[in-house]
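Below is one structure, written out as structure tokens; comments come after it.
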2 protein chains.
Amino acid sequence: MASELQGRVRPLEVDRTSPVPLYFQVATRLQELIEKGEIGVGARIENEVDLAERLGVSRPTTRRAIQYLVERGMLIRKRGVGTQVVHPKVRRPVELSSLYDDLVAGDRAPRTEVLRLEVLPAPDTIANALEIAPGTDVTWIERLRYAGGEPLALMHNAIPLDVLPLTRDDLAAHGLYELLRRNGLTPRIATQVIGARSATPAEARTLDEKRGASLLTMTRTAWDAGGRALEYGSHVYRASRYSFELNLSAG
Amino acid sequence: MASELQGRVRPLEVDRTSPVPLYFQVATRLQELIEKGEIGVGARIENEVDLAERLGVSRPTTRRAIQYLVERGMLIRKRGVGTQVVHPKVRRPVELSSLYDDLVAGDRAPRTEVLRLEVLPAPDTIANALEIAPGTDVTWIERLRYAGGEPLALMHNAIPLDVLPLTRDDLAAHGLYELLRRNGLTPRIATQVIGARSATPAEARTLDEKRGASLLTMTRTAWDAGGRALEYGSHVYRASRYSFELNLSAG
DNA sequence: GTCAATACTTTGTCATGACAAACTCCAGGA
DNA sequence: TCCTGGAGTTTGTCATGACAAAGTATTGAC
């Protein structure tokens, strides 16, 4: 009954001429209100039926909008009780983005040095990870990633040749994932293993670390929506400069 | 038209007397067929309209079942094309489980030694992580986790006292998350940071590692569905024995 | 033979209506 | 006082119907 949303009809109107789906418009508006704190943490939002009527949309549409925010961890719903704000910002699921993208987004001035680039038949371990036939041609690249002028990560990747041919110039100027996306290849699913180990002398030298320094390791295989393996990567990061942040949500 | 599902009406029937939602029944049946390989990778499943009719359920119900499997990474949909199997097993999102649960599931015979357990006012850093008022009473615990007879991880945790009082015996016999769940507290959302560093001499001694060995670090804060902080943890793992596995899906 | 327009298929979005299940709260009785 | 029962509220599930948008395949013109 007493809702924080009452009297705020204006910011929740929908535009039926827009190509943006109604449920998404509603979700976005709600998200804005929550992020701005106009609907505080702990507050209950109006019930679905009333909200739908007030917005002039159907209940399924309203439900879908709310569901969207529930999946993002902003709202929770309880049958017989209502829908409540639990967190003012989106808790994103783990992102499938590349290191390069992350650094660009974080203003950390990434630069990439391509140490090696060659086409060779995939050895068994890599063929296995990519779920392709051993001996299939892959592009094997070795890159050194800098951030803010310092070396940050040493990255080894294998990309099946028929997925995307790569050049040194491309790789020096763009992140791998950006190149994939530009060619219509969207990583959709990935499995990662994150571990740690001590740097080998060569790695220490390359990364400007002391002998035996701790490195964060990550191996990943990524597939596109069609189930085709796009990329296998084996990376090491300077633990002193980098860590992985994850947001998880269960249920 | 030509569908791998045709003529397989039997294994896809639904039980309307069951309390299990119809959409979930359909999703489960489909998942079984895919996992068993009866619908192969790459194969298109019957279109929603026909499938719904054949099952005797409505199209929204069918859609919801398919949507469920799409979110789990087994299927992909394309408008105007159809729905296709892309992976024969569920690609789970990152699980919100405890190390203890993982070890039990992996038959690695976990054992826990409680090194410290005391109630104290939360220092600023912990209060900050838990989003509670500084000085609020928390239970501070320090545990050594063994697997297969060997030390594996050194774990520090803070649990607000009003969330759950803990005893040494409880903690020695059960994982922290199991204890939370037993008391009706379900971790729902968490943020984790995974990094690495070298072991301090004390840590090396405790974990039976060499001086300066690489350790995998994880700090985590977990909230329940109501947005209440349940737990803050700062753990170190022997990198030689443990790594994190993640399955991601985007889009 | 090649290319463009058209028809068809399939998923995406939305509305309306109905009932069920879980929870809260209050009133009435032991 | 306690606690039990029922009314009311709110989300969960499901059905039916309709049109839109995107992709594929076919057909027809040049």
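As the structure is a computational prediction, the values presented were derived from the model and not from experiment.
Residue pairs that meet the ring-ring contact (aromatic ring centres under 6.0 Å, His included) test with at least one member in residues 20-42 of chain B, sequence neighbours left out, are B:F24-B:Y68.
Between B:E131 and B:R228, none of the side-chain N atoms (NZ, or NE/NH1/NH2) sits under 4.0 Å from a carboxylate O, so this pair counts as no salt bridge. Comment: B:R77 engages B:E48 in a salt bridge, judged by a side-chain N to carboxylate O separation of less than 4.0 angstrom.
Phosphate proximity of D:dT13 to B:Y23: present, with a side-chain N or O under 4.0 Å from OP1 or OP2. Remark: A:T61 is not in phosphate contact with C:dT13, judged by side-chain N or O atoms under 4.0 Å from OP1 or OP2. Between A:R77 and D:dT10, a side-chain N or O to OP1/OP2 separation shorter than 4.0 Å is absent. OP1 or OP2 of D:dT11 lies within a sub-4.0 Å distance of a side-chain N or O belonging to A:T83. For C:dA15, the OP1/OP2 oxygens have a side-chain nitrogen or oxygen of A:R16 closer than 4.0 Å.
Note: OH (B:Y68) to P (D:dC14) measures 14 Å, nearest angstrom. Atom CD in A:E71 sits roughly 15 Å away from atom C1' in D:dG12 (whole-Å rounding). The NZ atom of A:K78 sits 13 Å away from the C1' atom of D:dT11 (whole-angstrom rounding). The CG atom of A:N47 sits 16 Å away from the P atom of C:dT24 (whole-angstrom rounding). Rounded to a whole Å, the CD atom of A:Q84 is 11 Å from the P atom of C:dT24. Per the geometry, CD1 belonging to B:I45 stands 11 Å off C1' belonging to C:dT11, to the nearest Å. Between A:R44 atom CZ and C:dT24 atom P the separation is 10 Å, expressed in whole Å. As rounded to whole Å, 13 Å separates atom P of D:dT10 from atom CD of A:E53.
Distance from the side chain of A:E48 is smallest for D:dG12 among the nucleotides C:dC14, D:dG12, D:dC14. For A:L22, whose side chain is taken as the heavy atoms from C-beta onward, the closest listed nucleotide among D:dC14, C:dC14, D:dG12 is C:dC14.
If you check every strand for non-hydrogen atoms under 4.0 Å, B:P21 touches sugar and phosphate atoms only. Looking at heavy-atom distances under 4.0 Å, B:V57 makes contact with sugar-phosphate atoms alone, never a base.
Residue B:Q25 comes nearest to B:D15 through the heavy atom pair OE1-N, 2.8 Å, listed as atom of the first residue, atom of the second, then distance.
With the nearest nucleotide of DNA chain C identified for both A:R79 and A:G56, A:G56 has the one nearer the 5' end. A residue-by-residue look at A:V81 and A:R64 shows that A:R64 has its nearest nucleotide of DNA chain C further toward the 5' end.
With hydrogens and angles ignored, a donor-acceptor pair closer than 3.5 Å exists between the side chain of A:R59 and the base of D:dG12.
Neither side chain, B:N128 nor B:T125, offers a donor N or O lying under 3.5 Å from an acceptor on the other.
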